[in-house]
> 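First, the structure itself, so that you have it in front of you.
First the proteins, then the strands, lettered A, B, ... as listed; each starts at 1. Nothing here was measured: the structure is a model prediction, and the numbers come from that model.
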2 protein chains.
Amino acid sequence: MRLVVARCTVDYEGRLQAHLPEAVRLIMVKADGCVAIHADGGAYKPLNWMNAPNRLITDDPRSWRVTNSKGEELRITIHEVISDTTHEMGVDPGLRKDGVEAHLQELLAANPDTLGEGMVLVRREYPTDIGPVDLLCRDPEGRAVAVEVKRRGEIDGVEQLTRYLERLDRDGTLRPVRGVFAAQQIKPQARVLAESRGIRCVVVDYDELRGITSDELKLF
Amino acid sequence: MRLVVARCTVDYEGRLQAHLPEAVRLIMVKADGCVAIHADGGAYKPLNWMNAPNRLITDDPRSWRVTNSKGEELRITIHEVISDTTHEMGVDPGLRKDGVEAHLQELLAANPDTLGEGMVLVRREYPTDIGPVDLLCRDPEGRAVAVEVKRRGEIDGVEQLTRYLERLDRDGTLRPVRGVFAAQQIKPQARVLAESRGIRCVVVDYDELRGITSDELKLF
DNA sequence: TGGTGCATTTCGATA
DNA sequence: TATCGAAGTGCACCA
């Protein structure tokens, strides 16, 4: 990784046009070739960048050009170099994560009762011609229930579930299919839209659900 | 901005749990306090981070703790410091952008003819109870036309316009409202969905539109 | 290679 | 401050 601290101006032309006036910034060049220009503030997002794969030309150390195959271009004009260092880091072993939507889906699949008294799981990732539904269940009366699982429930999640319901309803063996929108948190507008379409909203407590599952495991 | 290159392990606990095994990485601490841990690859996104505002405790230089008011915590254990530098950068003058959706909307508002012969603008950001429609126009016969403007037209844009049309149609003074989906580029699947719902698709040439507007200005 | 959905999304505008 | 929609979104996954 090469780290250049320099007074520079930057121009980007590609998906939009953008310009950075002269100032001191950090230019980070990673081993995969991606370039990022950071100011001394503003979260982790750089002011400007060019992802790999790209071509970086620094023949003229005062004027860098980064281009990619999509015709995007980043021009960095360097007025004064304050620091220029390079460090070998090797390949990173990578990040281990826990607690994302996939895990929430697992927990709900193991505890369909959370989605409604007496609910029974038919299968996870139930296929339709526009993609898989997160969960397909049956209620105590044997009626099909399609479940969309989100960490945070917003309008586009309701739209997604609506499209699935439309498709599933065409299947004579399932019709009529009801919808359940399950999330750790549901935005008010998403709730309004869901309920106006007869979709039930279920707010899920992740930690509680994890507790139930581990309690059940203790029974064995 | 403080730049530390170090062999480290990192743990994050907050919106999810994540762990980084021991490796050499860049730890970037910005003036606003935000902390980002970068590997030598993988676009501009850091492996781990904590945005401002937060509290950074480095009393023990081998074990940093970053916490915020939401109860999130980042622990950085430093096994070996390879480099540790600090640079003053001052406040960045910031990024100037051009070519985004707002500008496209302005240009279309100034040239409603682009959306259809004889189209007249009623107003931009026409309010509904689920949010404002980009443009509301009337066609030569005086019928209402709702326009959704996107840089790139994809399925969710069609869904958005459909929701607006649904709402506007409830307004007796406007009904029936037609829809126009305007974008610099329209994905085939979005076009199919739009047309199946009777929504007209208009591909807009940004540069040409800008030319028309400047030509009109020259007339004055 | 392109389409779809998720993200510790981030970011900005607005009510 | 919450909420909503856009982003040069990035990224994984799958066809």
> To the nearest Å, give me how far apart CG (B:Leu193) and C1' (C:dG3) are.
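Computing the B:Leu193:CG to C:dG3:C1' distance gives 14 Å.
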
> Which nucleotide in the list C:dC6, D:dG8, C:dT8 gets nearest to the side chain of A:Lys150?
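Selected nucleotide (nearest to the side chain): C:dC6.
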
> Would you please confirm or rule out a distance under 4.0 Å between OP1 or OP2 of C:dC6 and any side-chain N or O of B:Arg15?
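No.
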
> In plain terms, say whether B:Glu159 and B:Arg197 are close enough for a salt bridge, that is, a side-chain N and a carboxylate O under 4.0 Å apart.
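The answer is yes: the pair qualifies as a salt bridge.
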
> Any side-chain N or O of A:Lys45 under 4.0 Å from OP1/OP2 of D:dT9?
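So the side-chain polar atoms of A:Lys45 never come under 4.0 Å of the phosphate oxygens OP1 or OP2 of D:dT9.
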
> Determine, answering yes or no, if A:Tyr44 is stacked on C:dT10 under the 5.5 Å centre rule and the 30° plane rule.
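Stack criterion not met.
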
> Rounded to the nearest angstrom, tell me the gap between atom CZ in B:Arg96 and atom C1' in C:dG12.
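Going from CZ in B:Arg96 over to C1' in C:dG12 covers 19 Å.
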
> I'd like the P distance from D:dG8 over to C:dG5, given in whole Å.
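Comparing P positions in C:dG5 and D:dG8 gives a spacing of 22 Å.
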
> Kindly confirm whether the side-chain ring of A:Trp49 is stacked on the base of D:dG8, judged by centres under 5.5 Å and planes under 30°.
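Here the ring of A:Trp49 and the base of D:dG8 are stacked, with centres under 5.5 Å and planes under 30°.
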
> Could you tell me the separation between the NZ atom of A:Lys97 and the C1' atom of D:dG10, rounded to a whole number of Å?
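To the nearest whole Å, that distance equals 11 Å.
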
> When you get a sec, tell me which of C:dG5, D:dC4, D:dG10 is the closest nucleotide to the side chain of A:Gln160?
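Of the options given, the side chain of A:Gln160 lies nearest C:dG5.
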
> Nearest whole angstrom, please: distance from the C1' of D:dA6 to the CD of B:Gln184.
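B:Gln184 atom CD is separated from D:dA6 atom C1' by 14 Å.
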
> If the cut-off is 4.0 Å, is A:Arg163 near the phosphate of C:dG5, judged by side-chain N/O to OP1 or OP2?
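Yes, within the criterion.
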
> Both A:Glu154 and A:Val149 contact DNA chain C. Which one's nearest nucleotide lies toward the 5' end?
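Residue closer to the 5' terminus by nearest nucleotide: A:Val149.
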
> Between A:Asp32 and B:Asp40, is there a side-chain heavy-atom distance shorter than 4.5 Å?
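No - every pair of side-chain heavy atoms lies 4.5 Å or more apart.
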
> What is the distance from CG of B:Asp92 to P of C:dC11, rounded to the nearest Å?
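Interatomic distance, CG of B:Asp92 to P of C:dC11: 14 Å.
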
> When the nearest nucleotide of DNA chain D is assigned to A:Met50 and to B:Tyr164 on a heavy-atom basis, which residue is associated with the more 5' position?
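Result: B:Tyr164.
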
> In whole angstroms, how far is the P atom of D:dA2 from the NZ atom of B:Lys70?
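For the pair B:Lys70 NZ and D:dA2 P, the rounded distance is 10 Å.
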
> Before accepting this row, confirm whether a basic side-chain N of the pair A:Lys150/A:Glu154 lies closer than 4.0 Å to the acidic partner's carboxylate O.
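A salt bridge is absent here (no side-chain N lies under 4.0 Å from a carboxylate O).
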
> Quick check: on DNA chain C, is the nucleotide nearest A:Gly42 upstream (toward 5') of the one nearest A:Leu95, or the reverse? Name the residue that is more 5'.
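The residue whose closest nucleotide sits nearer the 5' end is A:Leu95.
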
> Salt bridge check, B:Arg200 against B:Glu195: does any charged N sit closer than 4.0 Å to a carboxylate O?
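Here B:Glu195 does not pair with B:Arg200 in a salt bridge, since their nearest N and O are not under 4.0 Å apart.
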
> Distance between the C1' atoms of C:dT10 and C:dC6, in whole angstroms?
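C:dT10 and C:dC6 have their C1' atoms separated by 14 Å.
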
> Which nucleotide in the set D:dT3, D:dG8, C:dT8 lies at the smallest distance from any side-chain heavy atom of A:Gln189?
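Looking only at side-chain atoms, A:Gln189 lies closest to D:dT3.
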
> Starting at the 5' end of DNA chain D and moving along, which residue's nearest nucleotide shows up first, B:Ala43 or B:Asp156?
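Mapping each residue to its closest nucleotide by heavy atoms, the 5'-most match is B:Asp156.
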
> Rounded to whole angstroms, how far apart are CG on A:Leu16 and C1' on C:dG12?
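Distance, rounded to whole Å: 15 Å.
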
> Using the P atom on both, measure D:dC11 against C:dC11 and round to a whole Å.
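Nearest-Å result for D:dC11 against C:dC11 at atom P: 15 Å.
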
> Can you check side chain to side chain donor-acceptor pair (under 3.5 Å) on A:Arg152 and A:Gln184, steps first, answer last?
CA-CA 6 Å; A:Arg152 290 189 319 195; A:Gln184 285 181 271; over 6 Å; no

> Of all the choices, C:dT8, D:dC11, D:dA7, which nucleotide is nearest to the side chain of A:Asn51 once you look at every atom?
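My answer, after comparing the listed nucleotides, is D:dC11.
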
> Using 30° and 60° as the class boundaries, would you call the ring planes of A:Tyr44 and B:Tyr44 parallel, tilted or perpendicular?
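A:Tyr44 vs B:Tyr44 ring planes: tilted.
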
> For A:Glu148 and C:dT4, what is the distance between atoms CD and P respectively, to the nearest whole Å?
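Taking atom P of C:dT4 as the reference, CD of A:Glu148 is at 15 Å.
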
> Looking at the side chain of A:Ile155, which of D:dG5, D:dT9, C:dT4 is the nearest nucleotide?
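Nearest to the side-chain atoms of A:Ile155, counting from C-beta on, is D:dG5.
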
